[in-house]
Amino acid sequence: MYRREYTSDWDFRDSNTKEYTHCYHNYPAMMIPQIARRLICDFAPEGSVSMILDPYMGSGTTLVEAAIKGIDSVGIDVNPLARFIAEVKTTKFNINEVEESFNYILRKIDSFDISAWKYVETDFKHITKHDYWYSKENLIKLKYLSSVIDSMEFAATKSFFNLALAETIRDVSFTRNGEFKRYRIEANKIPTYNPNPFVLIADKIKRNLDGLNNFLKDASEFTVNISDCNSVYEIPHSLLAKESVDMVVTSPPYGDSRTTVAYGQFSRWAGEWFRFPNAKNIDRTLMGGMPKKIDSIDTVALATELEQIKQSDIKRYYEVTTFLDEYSRSIENVAGVIRKGGRVCYVVGNRTVKDVQIPLDYFTAEIFEKHGFKHEITYVRSIPNKRMPSKTSPSNKKGANVSTMTEEYIVIMTKL
Ligand SMILES: C[S@@+](CC[C@H](N)C(=O)[O-])C[C@H]1O[C@@H](n2cnc3c(N)ncnc32)[C@H](O)[C@@H]1O
């Protein structure tokens, strides 16, 4: 019998979700650190726990929590921005070098003289429609910040500052706040919209410096490895031998990014600025990003729902089946690296497509069971503070919104 427990124990409504390095950089659909922390503490498998894997690492919430407990971890993500954030969040920077570099940046900001900076069109050629998304003045200031960071004496600290710059780049663009997609703010608001990149970056660096100090105080000895693998096709066997992982704590996407969470669009600002690979097309590389005509999925858990979607919209059906097919393959890959008795914790969302809710928690448990796992329990929590759409228009009709994501499912399984 599949056990679902509805509980408020996992809500963490009043918790500080920005402790430690969790404050560094925003990312779509971040996991609440307290969830990863409780899973690692209370649901660790029997025996010792020396390796934790997150196969859809995102901004690295699980990796930071593993580091604080002194547990080694491996994180996988196809999105270069995710890997950059996770890398910086789990680096023990030398605090004196960071502080000295920060003072250097502040001095450089003080001595900035815009008249000495000529706008060179070619500097921004790699940024799509740069004059549509940014004011000229802010482009010049961002470019200046980039060159200041590049000229810093302590090269090892550059990534710490470039991460603050990455968030600033998006904040000063004309994209709307509170949206992961690239929507420009209304034209009439643009003349008065003039955020100052210098003020923004200085505030972010101060915030991140506090986070770093707390992280350095509490993090034990650990190693972190970050991989750019696509979990649908492989798990990095150079980092993880067969059956070597004690625990998985992860929150996978709950659908393709085009119709659910826009990871690629969110990441494009920093991606283009820093010339990350594939910056314009990340969404296509993510799970379900390139729909194929997959006619059926071997599932009992979702059979009724899939049939309903198929009857209503064949195109949407193929989008869903492509995602589920790739999700199953990635589960098979993950299952192979977990040791006997190892524990797997997947935090998933059950989205709605064509008014049909897709219970991804059942499906997750079903596929793991096919690969030798036992389902223990699924906790259902409401999601008050995870930034993701709670409404969508599955039929793509204006005003036809239905509620999709108000609950999250923490699926816990053990390898037999
Ligand atoms: C819900 S987010 C993870 C958020 C993360 N728990 C955090 O706290 O920031 C899901 C992640 O899965 C990644 N992803 C999607 N498809 C992937 C694939 N095939 N292989 C590896 N990562 C993938 C996305 O880039 C995204 O960062």
Side-chain angles (χ1 to χ4, degrees), residues 12 17-37 39-40 52-67 73-90 163 180 226-236 248-268 270-271 276-279 281-290 322-334 345-351 360 364 383 385-389 405 408-410:
F12 301 109
T17 57
K18 299 293 171 194
E19 284 174 282
Y20 301 117
T21 56
H22 296 300
C23 66
Y24 278 13
H25 195 294
N26 197 13
Y27 191 73
M30 287 169 105
M31 193 193 288
I32 307 278
Q34 285 77 7
I35 291 184
R37 194 173 305 165
L39 288 170
I40 294 171
I52 294 183
L53 165 67
D54 187 342
Y56 319 93
M57 162 195 71
S59 65
T61 306
T62 295
L63 275 53
V64 171
E65 289 300 318
S73 63
V74 168
I76 301 174
D77 207 295
V78 275
N79 182 354
L81 177 63
R83 297 197 299 274
F84 180 44
I85 300 172
E87 182 87 53
V88 177
K89 278 165 75 171
T90 52
L163 191 63
F180 295 135
I226 288 174
S227 160
D228 64 355
C229 277
N230 182 326
S231 67
V232 175
Y233 303 110
E234 57 173 332
I235 293 292
V248 172
V249 175
T250 194
S251 57
Y254 58 92
D256 65 279
S257 321
R258 198 181 59 77
T259 61
T260 58
V261 179
Y263 299 103
Q265 291 196 44
F266 175 85
S267 307
R268 192 162 160 181
F276 289 157
N278 216 6
N281 275 314
I282 293 299
D283 283 335
R284 286 167 64 80
T285 66
L286 304 184
M287 231 156 30
M290 290 204 274
T322 301
F323 173 79
L324 293 174
D325 176 61
E326 295 189 358
Y327 185 53
S328 314
R329 287 161 195 256
S330 90
I331 288 179
E332 183 176 353
N333 289 335
V334 170
C345 310
Y346 268 48
V347 182
V348 303
N350 292 348
R351 69 168 167 149
L360 197 63
T364 305
I383 40 175
N385 47 4
K386 187 165 172 172
R387 210 172 122 202
M388 55 160 52
M405 296 287 305
E408 200 166 63
Y409 300 74
I410 305 168

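Along the sequence shown, residues carry numbers from 1. The basis for the numbers below is simple: all heavy atoms, side chains too, and nothing from hydrogens, waters or symmetry mates. Remember, it's 1-based here, ligands and their atoms both numbered in the order they're listed.
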Shortest reach to [atom] by a heavy atom, considering only [options]:
atom: atom 1 (C) of ligand 1; options: Y263, Y327, F323; answer: Y263
atom: atom 22 (N) of ligand 1; options: I85, L81, V78; answer: V78
atom: atom 13 (C) of ligand 1; options: D77, I282, I235; answer: D77

* Answer yes or no: is there a donor N or O on one side and an acceptor on the other, between the side chain of K89 and the main chain of S59, under 3.5 Å? =>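 Present.
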
* Asked: Checking R83 side chain against V78 main chain: does a donor-acceptor pair fall under 3.5 Å?
  -> yes

Which of the ligand 1 atoms, numbered from 1, are nearer than 4.0 Å to a heavy atom of [X]:
X: V232; value: 19 (N)
X: S59; value: 7 (C), 8 (O), 9 (O)
X: S251; value: 1 (C), 2 (S), 3 (C), 4 (C), 5 (C), 6 (N), 10 (C)
X: L286; value: 15 (C), 16 (N), 25 (O)
X: Y27; value: 9 (O), 25 (O), 26 (C), 27 (O)
X: N79; value: 25 (O)
X: N230; value: 18 (C), 19 (N), 20 (N)

Identify the heavy atoms of [X] and [Y] that sit nearest to each other, and give their distance.
X: L360; Y: P253; value: CD2-O, 4.2 Å
X: V347; Y: L39; value: CG2-CD1, 4.4 Å
X: G264; Y: I282; value: CA-CB, 3.8 Å
X: I410; Y: I35; value: CD1-CG2, 4.3 Å
X: M31; Y: S251; value: CE-N, 3.7 Å

Give yes if a backbone or side-chain nitrogen or oxygen of [X] is under 3.5 Å from a nitrogen or oxygen of ligand 1, and no if not.
X: T285; result: no
X: Y56; result: no
X: M31; result: yes
X: P252; result: no
X: D54; result: no
X: T61; result: yes

* At a non-hydrogen distance cut-off of under 4.0 Å, which region of P55 contacts ligand 1 (side chain, backbone, both, or neither)? -> backbone

* **Y20 and H22 aromatic ring geometry - parallel, tilted or perpendicular at 30°/60° bounds** =>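 Perpendicular.
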
* To do: Indicate the ring-plane relationship of Y327 and Y346, choosing parallel, tilted or perpendicular according to the 30° and 60° boundaries.
  => tilted

* Could you tell me if any non-hydrogen atom of E326 lies under 4.0 Å from any atom of ligand 1? => no

* To do: Go through the side-chain N and O atoms of Y27 and N79 and say whether any donor and acceptor fall under 3.5 Å apart.
  =>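 Their side chains do contain a donor-acceptor pair, which is all the 3.5 Å distance test asks for.
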
* Any side-chain heavy-atom pair from Q265 and F180 closer than 4.5 angstrom? ->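 Not touching, per the 4.5 Å side-chain cut-off.
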
